[in-house]
Amino acid sequence: MAKKGKVVAVNISEKKGVPKKSIEEGFFKEGHGLVGDAHAGKWHRQVSLLGVESVEKMKKLGIKGLCSGKFAENLTTEGIYLHELSVGTKLKIGETIQEISQIGKECHSGCAIAKEVGKCIMPKEGIFTRVIKGGKIKVGDTIEVLEDKK
């Protein structure tokens, strides 16, 4: 399994349950998440990540119009199969250090993404992290697995 990847998109939304818009860079605050994002806060799912590899799977199913942020992920990544890592694994992403806190989630009822796309991959392949050390993350930044808990 690859131990390095990269950030292909940084995505933000002011409301929950809607696709996010891409930005060039974001500030990820320790113990909070992406500043200005609706999902950030003092809880275990501060940042959501999804690999382009997972989005490609959906495209192969014939689902059109998929792009970064469509699944409401904060970081779209490439090169690491995120969902194969384990809870507690630490990642260095840009200037930040993040710890995987959850893998997958139930989509809430009325999820705009599931309605628009037909189904969602976040329940199986999206991961969530807590920000341990804050800093900037921008498109093109390296993601490095520091410590896998497997």
Side-chain angles (χ1 to χ4, degrees), residues 1-60 66-108 111-114 117 119-150:
M1 174 180 45
K3 294 290 182 189
K4 281 197 176 187
K6 71 176 184 176
V7 175
V8 293
V10 179
N11 310 297
I12 193 168
S13 66
E14 290 159 20
K15 277 176 35 183
K16 290 186 177 185
V18 299
K20 295 183 183 296
K21 63 180 181 353
S22 291
I23 55 177
E24 279 303 305
E25 70 175 30
F27 185 79
F28 291 74
K29 185 175 160 187
E30 184 177 319
H32 180 78
L34 176 57
V35 174
D37 187 69
H39 293 90
K42 291 203 172 292
W43 69 320
H44 69 290
R45 291 196 330 227
Q46 294 169 357
V47 182
S48 57
L49 296 85
L50 185 67
V52 292
E53 298 83 0
S54 297
V55 176
E56 288 302 318
K57 275 190 210 171
M58 296 293 285
K59 284 182 179 174
K60 285 181 182 155
L66 297 182
C67 56
S68 298
K70 195 67 147 185
F71 292 96
E73 78 277 9
N74 293 122
L75 298 172
T76 312
T77 68
E78 182 178 61
I80 298 176
Y81 288 100
L82 299 166
H83 60 282
E84 292 178 0
L85 297 171
S86 48
V87 169
T89 297
K90 289 189 176 60
L91 304 169
K92 182 177 186 329
I93 308 171
E95 297 175 354
T96 73
I97 307 272
Q98 300 184 30
E99 180 181 64
I100 297 174
S101 56
Q102 184 174 326
I103 297 171
K105 76 168 187 86
E106 286 297 312
C107 273
H108 56 82
C111 170
I113 294 103
V117 177
K119 72 185 220 174
C120 188
I121 47 180
M122 285 304 280
K124 287 193 172 71
E125 299 191 13
I127 72 163
F128 299 88
T129 63
R130 270 190 289 270
V131 180
I132 295 171
K133 176 184 173 272
K136 282 186 193 158
I137 297 176
K138 62 186 183 312
V139 174
D141 276 352
T142 300
I143 303 166
E144 187 178 349
V145 177
L146 296 179
E147 171 188 350
D148 188 354
K149 288 294 181 185
K150 279 192 176 170

Answer yes or no: is there a side-chain heavy-atom contact under 4.5 Å between Q102 and H44?
yes
Test your reading of the model: is there a side-chain donor-acceptor pair from N74 to the backbone of S48, 3.5 Å cut-off?
yes
Here the gap from H39 atom NE2 to K20 atom NZ, rounded to the nearest 0.5 Å, amounts to 4.5 Å
Check ion pair E99-R130 (N to O, under 4.0 angstrom):
yes
So, does Q46 use its side chain to make a donor-acceptor pair with the main chain of V131 at under 3.5 Å?
yes
Return the minimal non-hydrogen interatomic distance between I23 and V139, and the atom names on each side.
O-CG2, 4.0 Å
Report the distance from atom OG1 of T96 to atom CG of D141, rounding to the nearest 0.5 Å.
8.5 Å
How would you list, by chain and number, every residue that makes a salt bridge (Lys or Arg N to Asp or Glu O under 4.0 Å) with E78, sequence neighbours excluded?
K6
Check for a donor-acceptor pair, side chain of S101 on one end and backbone N or O of F128 on the other, with a separation under 3.5 Å.
yes
Check whether any side-chain heavy atom of N11 lies under 4.5 Å from a side-chain heavy atom of E73, and answer yes or no.
yes
Within 6.0 Å of NZ in K133, more than 12 heavy atoms from elsewhere:
yes
Could you report the tightest heavy-atom contact between T142 and K4, atom names first, then the distance?
CG2-CD, 4.3 Å
Does the side chain of T77 reach to within under 4.5 Å of the side chain of L50, using non-hydrogen atoms?
no
Look only at the side chain of Q98 and the backbone of L91, and say whether a donor-acceptor pair between them is shorter than 3.5 Å.
no
Under the criterion side chain to side chain contact (heavy atoms under 4.5 Å, CB included), which of I100, I80, L75 is the partner of L49?
L75
Within-4.5 Å side-chain heavy-atom neighbours: I143 and V7
yes
Give the table of side-chain donor-acceptor pairs shorter than 3.5 Å for residues 25-33, with sequence neighbours excluded, one pair per line with atom names and distance.
none

Any side-chain to backbone donor/acceptor pair from K3 onto E144? Under 3.5 Å, distance only.
no
Using 0.5 Å steps for rounding, measure from the OG1 atom of T129 to the NZ atom of K90.
12.0 Å
